[in-house]
Amino acid sequence: MLGTMMDFPLTLQHVFDRGTRLFPDREIVTGGLGERHRYTYKDFARRVHRLASAFKALGLQPGERVGTFGWNHYRHLEMYFAVPMQGAVLHTLNIRLFHDQLVYIINHAADRFIVVDRSLLGIVQALQPMLETVEKIIVVDDGGDCEVGDALDYEQFLASGNEHFDFPRLDENTAAMMCYTSGTTGNPKGVAYSHRALTLHSFGACLSDSVGVSQRDTVLAVVPMFHANAWGLPYAATMVGAKQVFAGNSMAPDRVLQLMQDERVTLGAGVPTIWIGALPLLQAGKYDLSSVTRIACGGSAAPRGLIDAYDKLGLNIVHAWGMTELTPIGSVAVPLTELDSADPATQMDFKARQGTPVPGVEARALDSDGKEVPWDGQTMGELVVRGPWVAASYYNDDRSAGSFTSDGWFRTGDIVVMHPNGYIEIADRTKDVIKSGGEWISSVALENALMAHPKVQEAAVIGVPDEKWSERPLACVVPRPDFKGSVKAEELSEFLAQQFAKWWLPERYLFLDELPKTSVGKFDKKTMRVQYTDSTKAVTA
Ligand code: ADP
């Protein structure tokens, strides 16, 4: 073999060393109810060494799992590095899962220690009798008042460690993190991320044809650190030495916007519901977000109306698509040169799509025979992907088989059309797409159109059983406060009729005060199907 390059492992050590050595004075800020906590990368680095050494002294072995049960804050960031860099695996637990699901995933992952925020300690204590492998709880005092009992205090524990701890050299394929999908069906499935995947994903997040995280940024991930590694942003931001801002124990719009204003955030990131909630405050001119250069939005479809409304405020929403199984970034709606000369409406159409695959991710759409569908902007197919940060299997789970094609692509379960310029447009999830008379209706397209109506705040469209057509769409609509009780199904139907074929139009509308959301803020269509399918409150358009 020809001599080529060094065998340099792609591990979080590099991500950490680069950020902390080159940018020791950059800040990491955590918001909260009381005073904001701030320290530098230098302080952060010292504490990560101490924390790692304390875990070693506690007996943590390579490959063992340590759970975290917490909000977004600097101590969670310390855990993001201290555990994986010593060869163990950080398991971020979703604080909003049902209790039986939490018990399942903690036992399934066999977590040995759990680091938990004091404000959430009560939940973990209630589960403790059912936990089979957890030996010790370590409590982060975030001002919560739950009795700590015989748990260790995070600060004392960290202080017992050695600041000069040496991290071992790791194989890049070592597992670093793990995370479970929120489990819309059945028990959650685990995904274990290797150091290599997390490192390459950080490079991916820093490309300008992606989210473009840079040392010039101040990053606020409004996506929980317990969900898909906060989109990998804490790692990407650390690698380039960006200033990082965490929201602490709440993601309420006023807290988020206050932090963005005060800390001069340049890059915000979160699911659409966060930005939908923040919109009225921004429209009322309450905050100065002039520092913001872009807001990454994904996790579920960012409605065109939302992107448009932000655009009018001078705020650039960059739509991104991802999945827990993809570490999670898969595609980003970057402005292609070819679109520069397009009219504003066409440009907005593309901003509302899910974008081009990020370098590192290969994407195809397949028909039901497994053949690639044409890139014609019309033919629907299932999106399959592969790449160095795509999971090769679920962690210890025999449900893996159905999720991969025989030639090694991951089946996303998302139904898409591919546009001639390589843009992906998500039409639906396989389980949400409405099957009417042998054809497919995109629930996402309908709800996005509804959310562009001036009287509509939120909308979700679900398929309900129908004798003749097998399924028909039911529109669940939350009117804007001023139009509660006055918005009519007919006017919404007429509005949709301007954009869709007649057979796509929902016959029935259900007006609600709010829509059920999943643990990570997405419309919970599974619950909606159970609760609303037979609702007698639905009105006919
Ligand atoms: P969960 O199954 O718990 O929602 P994930 O957070 O991994 O788990 O969700 C991934 C799914 O979210 C994708 O398969 C896709 O259906 C949806 N999704 C993510 N980003 C977008 C987006 N920008 N537009 C539409 N759907 C999206």
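Every number for a ligand or one of its atoms is a count from 1 in the order of the listing. In what follows, residues are counted from 1 in the order of the sequence shown.
With a heavy-atom cut-off of 4.0 Å, M323 touches ligand 1 through backbone and side chain alike.
Heavy-atom contacts of Q354 reach the following atoms of ligand 1: 22 (C), 23 (N), 24 (N), 25 (C) (cutoff under 4.0 Å). For ligand 1, the atoms lying closer than 4.0 Å to a non-hydrogen atom of G299 are 12 (O), 17 (C), 18 (N), 19 (C), 20 (N), 21 (C), 27 (C). Residue contact check: W321 has heavy atoms under 4.0 Å from atoms 13 (C), 15 (C), 18 (N), 19 (C), 20 (N), 21 (C), 23 (N), 27 (C) of ligand 1. Residue contact check: H227 has heavy atoms under 4.0 Å from atoms 6 (O) of ligand 1. Atoms of ligand 1 lying under 4.0 Å from at least one heavy atom of H319, given by number and element, are 22 (C), 23 (N), 24 (N). Atoms of ligand 1 lying under 4.0 Å from any heavy atom of A320, numbered from 1 in the order shown and given with element: 20 (N), 22 (C), 23 (N).
Aromatic rings from Y74 and F246 are positioned such that their centres are separated by 6.0 Å or more.
We find that D432 and R529 are joined by a salt bridge, their nearest charged nitrogen and carboxylate oxygen being less than 4.0 Å apart. Between R411 and E325 no salt bridge is recorded (no basic side-chain N to carboxylate O distance below 4.0 Å). Of the charged side-chain nitrogens involved, none lies within less than 4.0 Å of a carboxylate oxygen, so that K526 and D524 do not count as a salt-bridged pair.
Ranked by closest heavy atom to atom 14 (O) of ligand 1, the top entry among V416, I424, D414, T324 is D414. Comparing S519, A301, C297, P188 against atom 26 (N) of ligand 1, the shortest heavy-atom distance belongs to A301.
Of the N or O atoms in V520, none lie within a sub-3.5 Å distance of an N or O in ligand 1. Polar contact with ligand 1: absent for I426 (N/O pair, distance under 3.5 Å).
Aromatic ring pairs are classed by plane angle as parallel below 30°, tilted from 30° to 60° and perpendicular above 60°; the pair Y80 and H76 is perpendicular.
In this structure a side-chain-to-backbone donor-acceptor pair under 3.5 Å is present from R294 to G212.
T346 and D343 form a side-chain donor-acceptor contact under 3.5 Å, judged by distance and modelled atom types alone.
Contact between S300 and ligand 1 is present, with at least one heavy atom of the residue lying under 4.0 Å from the ligand. The closest approach between any non-hydrogen atom of A302 and ligand 1 is not below 4.0 Å.
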For a side chain to side chain contact (heavy atoms under 4.5 Å, CB included) check, start with the C-alpha distance between F69 and V115, then their side-chain angles and the critical distance, and finish with the verdict. CA-CA 6 Å; F69 198 76; V115 175; over 6 Å; no

- Show your working on side chain to side chain contact (heavy atoms under 4.5 Å, CB included) between Y532 and V464 and close with a plain yes or no. CA-CA 9 Å; Y532 305 146; V464 296; over 6 Å; no

